[in-house]
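Each chain gets a letter, A, B and so on, in the order its sequence line appears, and its residues count up from 1. These values consider heavy atoms only, across backbone and side chains, with no hydrogens, waters or symmetry-generated copies. What you see is a predicted model; the values in this text were computed from it and never measured.
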Amino acid sequence: MEYNFRDIEKKWQQAWIDNKVYQVPSLSDKPKYYVLDMFPYPSGSGLHVGHPLGYIASDIFARYKRLKGFNVLHPMGYDAFGLPAEQYAIEHGVHPAVSTEKNISTFRKQLDNIGFCYDWSREIRTSDPKYYKWTQWIFLQLFNSWYNRKTAKTEPIATLLAILEGEGNQNHPIPDSQFQIEGLTSLTFTAEQWNKWDEQTRQIILMEYRVAYCGYGEVNWCEALGTVLANDEVVNGVSERGGYPVVKKKLRQWYLRITEYADRLLEGLQRVDFSDAMKDMQGNWIGKSTGAEIRFSVQNSSEVIDVYTTRPDTIFGADFMVVAPEHEVVVKIITGEQRTEVEEYVAYVKSRSERERMMEKKISGAFTGAYAVHPFTGRPIPIWISEYVLAGYGTGAIMAVPSGDERDHKFAQYFNIPITNIFGDLYTGEEALMSKDVVLYNSDFLNGMHPERAINLVVDRLEQMGIGRAKVNFKMRDAAFSRQRYWGEPFPIMWKGGVAYPLDEKELPLELPFVESYKPGPEGEGPLANIPEWTERQLETNTMPGYAGSSWYFLRYMDPHNEEAFCDQRFSNYWGQVDLYVGGTEHAVGHLLYSRMWTKALYDLGHISFDEPYKRLLNQGKIGGDSRLVYRVKGGNTFVSAGLKDGYDTDELHADVNMVNGLELDIEAFKQWRPDYAGAEFILEDGKYICGTRLEKMGKRYFNVVNPDDVVERYGADTFRMYEMFLGPVEQDKPWDTKGIEGVHRFLKKLWRLFFGDAGLQVTGEKATPEELKVLHKTIRKIEEDTERFSFNTSVSAFMVCVNELTDLKCTKREVLEPLLIILSPYAPHVSEELWHQLGNTTTVLDAPFPKFEPAYLVESSKEYPISINGKMRTQIDIALDATQQQVEAIVLANPVVQRWTEGKPPKKIIFVKGKMVNVVV
RNA sequence: GCGGAUGUGGCGAAAUUGGUAGACGCAAUAGACUUAGGAUCUAUCGCCGCGAGGCAUGGGGGUUCGAGUCCCUCCAUCCGCACCA
């Protein structure tokens, strides 16, 4: 009987659906385990072989945990809102809902082909009104909340109202705001003031507190996409999607006050199991730094300049100040003779794009003509402006300490500003001394001190003088939360007299209306502004960004059809955190941070009982494409084989990997590929055309996309799954290389032959030999260990070794083969299920318990082994093969030969080197 | 520049805590069975050497009875951040 994977896979995939074997109860007496994949954006090009890598890993783990007796939640869905669908709609006139639906069905077919154990009854789509009703609902929770810094919690806005009415905001000043409130000069006000203000003013002030708020701010505006982008959607000054230029622009936008959560987002990282690289990336993005804010007065002026520094101890080395060119103080302090120069410089800075500024870091700047006063020495300090000081970070102004900061040093050298040495002999004059392992000189009351002590002392002094304080700063900005786009969640917000009011919960979902055109609305507004029914009701015309729906989706899977709540708390209490979250590193600072913040807010508001969504994160590597190259002799239609190309002047072109077998080009297929190649001529080597190769991103334009459907068609889903795992560690990036797949396929055929000889099923009920049981239990242990630590590639190897050994032993005993099928089933579910039933089982192999590992089977009768003392070979002793370390030690210690050589002293260490010898260290 | 990771045969890679380096697989070579191809099976397969043996985990140094693994240093590649004061 042949291993007919096509029939087997079709048969079991259908049986699994018919018997609903993957449906998971929302509550159970069993312990829970939640395995989640980052859900895909259903793009038009479907899956390539790189996408399922993480899905296979999580599927194996989910099945493994199920065998181990857990109630496993392993759902799948689609992140269906987003820009590409809308761009496609603009270009092809197909409504995003239609193209999304079509793409999803392609994805589903491709996923089903691979035999995943998803509970599809829990499928979600972020673009489904039944789903985004709750995205809108959660948005309203955030809108109706503020962040209380005193309790470090998200609280309902009602608690703030009570405070403002009772005591004003003395204890809860308006959060450092980038926005102007008319008529308000200070960040604090009294209860009387508050109670006198009209509704509109109060609402404007409340907006300054809301966790989801609307305001005018500098945003990343992408003209080509016609929308605003979040910081993490901008890469090197261009949009992540499409690579279009992005400029800074002031616009009315919705934001999430994620900065208030910065400390908790940082702290939470210590409680989760993410890779160091991932934690570093998030930590970096949050960018916490501790230092001080210091107020400098300006000579002959009433102006003051606040600076932020992490090194207040170096204040005696402050030789000049630098203010960001956009800083509002610049126009006020500028002196007559410097006006032209400064204005020219400001104009120059404005003319430079974000991108240019990033690419070429030129030293540039201008002197304002004004001087600040040193708070301790009274020394005048020249004030410069330069683009290396960013308006958006800290206070937008710095005290420059050239001897202690590299950029300040270069600036001082470039503009010939005298440098004060505050580090004595350690400072060479050549370059700045950034180290904190120094002693201060030339620094008045700080002389002879190390920076740590000096920092405390300076801050204390400044505080006494009322011109400074310790200050924590973050790089992270509040997250832009609105898009001037159509294909996203509408905001459940209605505008009245310039004030945003939330819709009533009963009006949710606020459904996305159908539109004919996706053109932007007037004045930078989205397409919704073109719909009269929408604007008549004064509904918000922006839509939410892609990350809205994905920020909480892991909760919806727990209770996907609930129409009364986003998730029944009985279920979220049971399932709790995602135990294993699998996905790529590209979401390090976007999705992961946002969803961590939403989780904290929902936790604070009492909707869920945990404040970190993902307990453990596994980042699968990317699979790259292995492109095939052909070489066309310049000016003709002749292609020369790779080995001979050096003799010709050639152009390098991509050939489709699907018409190359190994390295040999299928010439006929190539000729038919494109009309201009039809008459092509070929210069061959050894009668073959050999292609060149290059590793590139897998993508259409390189013609190196391999579709999993093709691989599954040819080798079967089980081979595909095992091969993807066999390729190497899941975390690692690697190229797709079809060469090795035959080996995995051969393994499955060998497995099949263990069960079926020429005459049919040959499995017997005979008792297994100790040798056979040893092979089995060795494998059980190895698979258990390797699967637990996500070492799936070595698991596959262990299965190969096992089958090879059982084949050599001609083992056809049920006692061995049946447990083998159970441990194999997470990796090769179809063939395991088929053989499981062939053995007469009637339930699914998924419900079998994972076989228990018995170490006793690994211990063999005693044999003689050579022994070495301190590396020198001495003699031989009897010892049990594969015994435990304790067993080995007991035997060795009892051995008279060993006692003689160690002169009765207990050895420091006894090492049993697998099956060959014993090493004793005295 | 800063941060993170990686470096082992012709190739993908193994080697829990320092303990037979190269498991497993691909490719290759020889052979068996086949009219042939495919499939399957057997053997060889890091480098040098006829051999005994010697040399090998990016380079150099160190700790140790023993180092791919630990420490120092240099080099290369990949990823992330990038004037963050």
Peer 1: Indicate whether OP1 or OP2 belonging to B:A85 is found under 4.0 Å from a side-chain N or O atom of A:Y393.
Peer 2: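 So the side-chain polar atoms of A:Y393 do come within 4.0 Å of the phosphate oxygens OP1 or OP2 of B:A85, strictly under.
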Peer 1: Using atom OH of A:Y388 as one end and atom C1' of B:A82 as the other, report the distance to the nearest whole Å.
Peer 2: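 These atoms are roughly 16 Å apart.
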Peer 1: Determine the contact category for A:L727: base if any of its heavy atoms lies under 4.0 Å from a base atom, sugar-phosphate if only primed atoms, P, OP1 or OP2 are that close, otherwise nothing.
Peer 2: sugar-phosphate
Peer 1: Provide the distance between the two C1' atoms, one in B:C45 and one in B:U34, to the nearest whole Å.
Peer 2: 26 Å
Peer 1: Testing A:T585, A:N619, A:L618 one by one against A:S275 for a side chain to side chain contact (heavy atoms under 4.5 Å, CB included), which residue passes?
Peer 2: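 Exactly one candidate clears the test, A:N619.
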Peer 1: Give the rounded distance in Å between these two atoms: CZ of A:R311 and C1' of B:A85.
Peer 2: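 Answer to the nearest Å: 11 Å.
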Peer 1: Looking only at atom P, what distance separates B:U8 and B:U64, rounded to whole Å?
Peer 2: 29 Å
Peer 1: Taking all non-hydrogen atoms of both residues, which atom of A:T259 and which atom of A:R477 are closest, and how far apart?
Peer 2: CG2-C, 3.6 Å
Peer 1: Rounded to whole Å, how long is the line connecting atom NZ of A:K622 with atom C1' of B:C79?
Peer 2: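 So the two atoms are 8 Å apart, to the nearest Å.
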Peer 1: Can you name the atoms? Protein N/O to nucleotides 68-71 of chain B N/O, anything below 3.5 Å, with the distance.
Peer 2:
none

Peer 1: Is a side-chain N or O of A:K279 found less than 3.5 angstrom from the main chain of A:L269, in a donor-acceptor match?
Peer 2: yes
Peer 1: Could you list the protein-to-nucleotides 4-9 of chain B atom pairs, N/O on both sides, closer than 3.5 Å?
Peer 2:
none

Peer 1: Considering only B:A15, B:A13, B:G80, which nucleotide approaches the side chain of A:N793 most closely?
Peer 2: B:A13
Peer 1: Have a look at A:V389 and say if it touches a base, only the backbone sugar-phosphate, or nothing, with a 4.0 Å heavy-atom cut-off.
Peer 2: base
Peer 1: Starting at CE of A:M434 and ending at P of B:C83, how long is that distance when rounded to a whole Å?
Peer 2: 14 Å
Peer 1: Could you give the OH-to-P distance, from A:Y308 to B:C83, as a whole number of Å?
Peer 2: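 Distance check: A:Y308 OH to B:C83 P gives 17 Å.
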Peer 1: Where do N or O atoms of nucleotides 25-27 of chain B meet protein N or O atoms at under 3.5 Å, pair by pair?
Peer 2:
{"unit_1": "B:G25", "atom_1": "OP1", "unit_2": "A:N804", "atom_2": "ND2", "d": "3.1"}
{"unit_1": "B:C26", "atom_1": "OP1", "unit_2": "A:R746", "atom_2": "NH1", "d": "2.6"}

Peer 1: Show the numbers, then the answer: is there a ring-ring contact (aromatic ring centres under 6.0 Å, His included) between A:F320 and A:F411?
Peer 2: CA-CA 10 Å; A:F320 56 103; A:F411 193 85; 5.4 Å; yes
Peer 1: Would you mind telling me which of B:A85, B:U40, B:U42 lies closest to the side-chain atoms of A:D808?
Peer 2: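 For A:D808, the side-chain atoms sit closest to B:U42.
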Peer 1: Ignoring hydrogens and angles, write down the donor-acceptor pairs under 3.5 Å from the side chains of residues 741-748 of chain A, residues two or more places apart or on other chains.
Peer 2:
{"unit_1": "A:E742", "atom_1": "OE2", "unit_2": "A:Y715", "atom_2": "OH", "d": "3.0"}
{"unit_1": "A:H745", "atom_1": "ND1", "unit_2": "A:Y715", "atom_2": "O", "d": "3.3"}
{"unit_1": "A:H745", "atom_1": "ND1", "unit_2": "A:T719", "atom_2": "OG1", "d": "2.9"}

Peer 1: Shortest non-hydrogen contact from A:M321 to A:A372?
Peer 2: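 In this case the closest contact between A:M321 and A:A372 is SD-CB, 3.3 Å.
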Peer 1: Pull up the glycosidic torsion of B:G9 and say syn or anti, syn being anything within 90° of 0.
Peer 2: syn
Peer 1: Does the A:R6 side chain pair with the main chain of A:E713, one donor and one acceptor, at a distance under 3.5 Å?
Peer 2: yes
Peer 1: Take atom C1' in B:C70 and the same atom in B:G19, then report the distance between them in whole Å.
Peer 2: 14 Å
Peer 1: In whole Å, I'd like the distance from the CD atom of A:Q413 to the P atom of B:C83.
Peer 2: 21 Å
Peer 1: For A:K749 and for A:T309, find the nucleotide of RNA chain B with the closest heavy atom, then tell me which residue's nucleotide is more 5'.
Peer 2: A:K749
Peer 1: Over all heavy atoms of both residues, which pair between A:S795 and A:Y827 is shortest? Give the atoms and the distance, please.
Peer 2: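 Minimum heavy-atom separation between A:S795 and A:Y827: OG-OH, 2.9 Å.
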Peer 1: Across the strands shown, which category fits A:K734 at heavy-atom distances under 4.0 angstrom: base, sugar-phosphate, nothing?
Peer 2: nothing
Peer 1: So what is the 5' to 3' dot-bracket string for RNA chain B, if pairs are Watson-Crick or G-U wobble with both distances under 3.5 Å, crossing pairs use [ ] and | means the partner sits on another strand?
Peer 2: (((((((..(((......[....))).(((((.......))))).(((....)))..(((((..]....))))))))))))....
Peer 1: State whether A:E805 and A:K778 are salt-bridged, where the test is any N-O pair (Lys NZ or Arg NE/NH1/NH2 against Asp/Glu carboxylate O) under 4.0 Å.
Peer 2: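 Salt bridge between A:E805 and A:K778, a charged N being under 4.0 Å from a carboxylate O: yes.
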Peer 1: What is the distance from CE of A:M476 to P of B:C81, rounded to the nearest Å?
Peer 2: 16 Å
Peer 1: Can you tell me which nucleotide in B:A85, B:A15, B:A13 comes closest to the side chain of A:I398?
Peer 2: B:A85
Peer 1: For A:S386 and A:S364, indicate whether the former's side chain and the latter's backbone hold a donor-acceptor pair under 3.5 Å.
Peer 2: yes
Peer 1: Need one value for A:P729: base, sugar-phosphate or nothing, where a base atom within 4.0 Å counts as base even if backbone is also close, heavy atoms only.
Peer 2: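 Sugar-phosphate contact only - A:P729 comes under 4.0 Å of backbone atoms but never of a base.
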Peer 1: Taking side chain to side chain contact (heavy atoms under 4.5 Å, CB included) as the criterion, tell me which of A:I419, A:I381, A:I422 meets it with A:D319.
Peer 2: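 One option only clears the test, and that one is A:I419.
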Peer 1: Could you check whether any side-chain N or O of A:E406 sits under 3.5 Å from a backbone N or O of A:M434, counting only pairs where one atom can act as donor and the other as acceptor?
Peer 2: no
Peer 1: According to a strict under-4.0 Å criterion, is A:N284 in side-chain N/O contact with OP1 or OP2 of B:C2?
Peer 2: no
Peer 1: A:D306: which residues meet the salt bridge (charged side-chain N to carboxylate O under 4.0 Å, His left out) condition with it, sequence neighbours left out?
Peer 2: A:R295
Peer 1: Is a side-chain N or O of A:T368 found less than 3.5 angstrom from the main chain of A:I383, in a donor-acceptor match?
Peer 2: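 Such a contact is found between A:T368 side chain and A:I383 backbone.
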Peer 1: Give me the atom names and distance for the closest heavy-atom approach of A:K739 to A:Y723.
Peer 2: N-OH, 4.3 Å
Peer 1: More than 12 heavy atoms of other residues, nucleotides or ligands under 6.0 Å from OH of A:Y348: yes or no?
Peer 2: yes
Peer 1: With rounding to the closest Å, how many angstrom separate the C1' atoms on B:A13 and B:C74?
Peer 2: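 About 27 Å, rounded to a whole number of Å.
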Peer 1: Scan A:D408 against the nucleic acid and name what it touches under 4.0 Å (heavy atoms): base, sugar-phosphate only, or nothing.
Peer 2: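 Answer is nothing: A:D408 stays at 4.0 Å or more from every strand.
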Peer 1: Work out how far the C1' atom of B:G59 is from that of B:C24, and round it to whole angstrom.
Peer 2: 30 Å
Peer 1: Taking only the C1' atom of each, what is the distance from B:C65 to B:A82 in whole angstrom?
Peer 2: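 It comes out at 49 Å once rounded to the nearest Å.
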Peer 1: Nearest whole angstrom, please: distance from the P of B:C78 to the CD of A:E586.
Peer 2: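 It is 20 Å, rounded to the nearest whole Å.
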Peer 1: How far, in whole Å, is B:C79 from B:U17 if one measures between their C1' atoms?
Peer 2: 30 Å
Peer 1: Distance between the P atoms of B:G22 and B:G61, in whole angstroms?
Peer 2: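 Per the computed distance, 25 Å lies between those P atoms.
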